[in-house]
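Since this is a predicted model, take the numbers as computed values, not measurements. Chain letters run A, B, ... following the sequence lines, proteins first and then strands; every chain starts at 1.
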Amino acid sequence: MSHARPYPGTAPPAQPTVPPQRASGPWESGPQRGAGASPRHARAALPALTARLAYIVLCAAGLVILLRQYGPAARVFPVEAVTAFVLLAAALAIGAWALCRIRPVRPPSAGSAAAAVAWGVTAPVGLAMVANQALIGMWSKGAGLAFAADWAPALSAPLNEEVLKLAGVVLIAVAAPWAVRGPVDGFILGALVGLGFQMVENATYALNLVMQQGATDGLQSTLLSVVLRVGLTGLGTHWAMSAVAGTAVGILAAERWRPGRRRAAGAAVLVLVAVALHWFFDAPLLGGSVAGTLVKVAAGFCTAMVVYFAVRHGYRRRVRRALADAGEALDLHRSDALALARRSGRRKALLRVPLPDRPAAESRQRELLATAERRADAEE
Amino acid sequence: MAEPMTGGRDRPPWTTKARWLPLGVTLGMIALLALGLPLLNALLPDSEPVPADRSMRIASGGGHDATLTFDPGWALHPDSSQEGQNYLFSRNHVRLVLNTVTPHDGSPDSAADLWSGMRKIVRVSDPATRLGEPRPVASDSGATGLSGSARTDTEAGTAGVFPAPGRDFAVEMVVMSGPEATAADVEAAKRAVRSIRFTEHHGGAP
């Protein structure tokens, strides 16, 4: 028996031919790659290629709009802009790390996570500026400035921003089907999109506050804005709303975009819940007090957690079942097989393997997990 | 592209057509929001007349309202305005941009400090905007503040800042006009600026 194997026995279990494998890059590998010779495969790859192209064009468009809108303010207030950028980039890094960590069994691929964050910080931010400005303008013209001051944000941003953020998860799911294979992937990638959006929006709010406070002490305005937006409201806003909506994309992607009535309804409800949470946050309800704001933040956070634990529970259960079956086929003790579902369990298993054999053992662990996850996805 | 599965429930096979659907819906929604909404907004009139010779509340805070009074012929641009925060008014070729600023507790909030901040703020919308040296002014109602010249590459005008009596907020105004503006329009803008009045706040709609 080789020490390189964290499990005894012969070959790894036969891999079921189920949804495409995960790849490390956002657009890497996949069932179509390398098979593009035949016209049929070329046609099959066309939606993914179109999605990739749309992703790139829309990210670039969003970035250009963002720079046009806030570049002048950043040039006039460079210290404030750099301060906000550094603090929010750190918050983004920590948040993204935490969200990747909470994906059950394994983190998302670095490529898909990066693609989600990149979408969040560019396309929806810039495009939402255009859409919000137009819709709020229509409310102002049609219902008057007084009504618009109270209600236009709540009647504009939830629709525009939730749809534009969610679009990124859909594009990633079409461009790289192996990156979004079920609700868990949708939740995590949605949360990463929302987090990226949230941090750039926070930067724009910081510059807005500098000007709203008369630019008499810009640095203090910036710090105040960042602390409030990250520390007070950060836990329950965009990342949470997009995680809930992203779960819907995961459900639809798992059904190869042709869901039955029940799953389609479930996905629609999740998107509507995300929009409703956003509406509740922006609506002039609860008096705008700190306590009221905390209630709104708690609503977003708790809803995201309910969705997270629901999809996590089901996913872990399926992966553990698949690992138990694989372990049985390999004559591996059930508890050892189940331990592979957790990061700590995998680490402990590797520590029992002599150092020179660990890379090979780690590779075999990955294969076993990949097989178990594909089976879990197939049973979704 | 159908893929057999083992251990999973029956689900639809992968098809190219099924992947076009989410892509088409998504791109359609993006086009609707980012192109359709601005187009719809552009179809609506971009200005509305300002009631003449009637005070209009433009800011409030700390127990005070700030009001302006306009001559006939002024228009409000709702697209570029947010109640209580910022407004864009115009009268032919003259523009009056108004911003309410609320310095936070402990920050410098003298009129001179606010003028210094306004020098930067006006450069955000047009980097070529330069404010001259300010001098003390008083409005028709006796509100005190600072006023000075404003200039861009193509336009000239005046700027003013009027802190509210309790220093809870201040009203900043910039009037700009090109060479085609008439003396009557420029004078009407000066009268609008001089009409600023701070009154004790009694609540309710203006």
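- The side-chain heavy atoms of B:L27 and A:L58, taken from C-beta on, include a pair separated by under 4.5 Å.
- Residues of residues 124-138 of chain B lying under 4.5 angstrom from chain A, judged on non-hydrogen atoms, are B:V124 in numerical order.
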Below 3.5 Å, can you tabulate the donor-acceptor pairs from side chains in residues 60-79 of chain A to any protein atom, sequence neighbours excluded?
| unit_1 | atom_1 | unit_2 | atom_2 | d |
| --- | --- | --- | --- | --- |
| A:Y70 | OH | A:N208 | OD1 | 3.1 |
| A:Y70 | OH | A:N208 | ND2 | 3.2 |

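- Counting non-hydrogen atoms of neighbouring residues, nucleotides and ligands closer than 6.0 angstrom, the CZ atom of B:R151 reaches no more than 12 such neighbours.
- Two residues are said to be in side-chain contact when any heavy atoms from C-beta on lie closer than 4.5 Å; B:L76 and A:L145 meet this criterion.
- Atom-to-atom distance recorded for B:H104:NE2 and A:L209:CG is 7.5 Å, nearest 0.5 angstrom.
- Each of B:N99, B:N86, B:I121 was evaluated against A:M211; a single residue qualifies, B:I121, per the side-chain contact (heavy atoms from CB on, under 4.5 Å) test.
- What you find for A:T216 and B:L114 is that their closest heavy atoms are CG2-CD2, 3.9 Å.
- More than 12 non-hydrogen atoms from other residues, nucleotides or ligands lie less than 6.0 angstrom from CZ of B:R194.
- Counting heavy-atom pairs closer than 4.5 Å to chain B, the top-ranked of the candidates A:G142, A:A146, A:G144, A:S221 is A:A146.
- Residue contact with chain A, scored on non-hydrogen atoms closer than 4.5 Å, involves the backbone and the side chain of B:D113 alike.
- Looking at A:I136, neither its backbone nor its side chain comes within 4.5 Å of chain B, counting heavy atoms on both sides.
- Interface residues of residues 36-45 of chain B toward chain A, defined by a heavy-atom distance below 4.5 Å and sorted by number: B:L37, B:P38, B:L40, B:N41, B:L44, B:P45.
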Worked verdict on A:L46 versus B:W20 for side-chain contact (heavy atoms from CB on, under 4.5 Å): CA-CA 9 Å; A:L46 207 52; B:W20 280 118; 3.7 Å; yes
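- Taking 4.5 Å as the limit, every side-chain heavy atom of A:S140 sits out of range of all side-chain heavy atoms of B:D79.
- Only the side chain of B:Y87 comes within contact range of chain A, judged by heavy atoms closer than 4.5 Å.
- Considering all non-hydrogen atoms of both residues, B:A34 and A:V130 come closest at O-CG1, 3.5 Å.
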Would you be so kind as to tabulate the donor-acceptor pairs closer than 3.5 Å made by side chains of residues 153-164 of chain B, with sequence neighbours excluded?
| unit_1 | atom_1 | unit_2 | atom_2 | d |
| --- | --- | --- | --- | --- |
| B:E155 | OE1 | B:R95 | NH2 | 2.4 |
| B:E155 | OE2 | B:R95 | NH2 | 3.2 |

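- Proximity to chain A involves both the backbone and the side chain of B:S81, based on heavy atoms less than 4.5 angstrom apart.
- Side-chain contact between B:L23 and A:T50: present, with at least one pair of heavy atoms (C-beta onward) separated by less than 4.5 Å.
- More than 12 heavy atoms of other residues, nucleotides or ligands shown are found within 6.0 angstrom of CD on B:E48.
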A:Q213/B:V101 under side-chain contact (heavy atoms from CB on, under 4.5 Å): CA gap, chis, key distance, verdict: CA-CA 5 Å; A:Q213 295 194 324; B:V101 299; over 6 Å; no
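- Neither the backbone nor the side chain of A:A148 comes within less than 4.5 Å of any heavy atom in chain B.
- When heavy atoms are compared at a cutoff of 4.5 Å, A:A149 approaches chain B solely by way of its side chain, counted from C-beta outward.
- Looking only at side-chain heavy atoms (C-beta outward), A:L127 and B:I30 come within less than 4.5 Å of each other.
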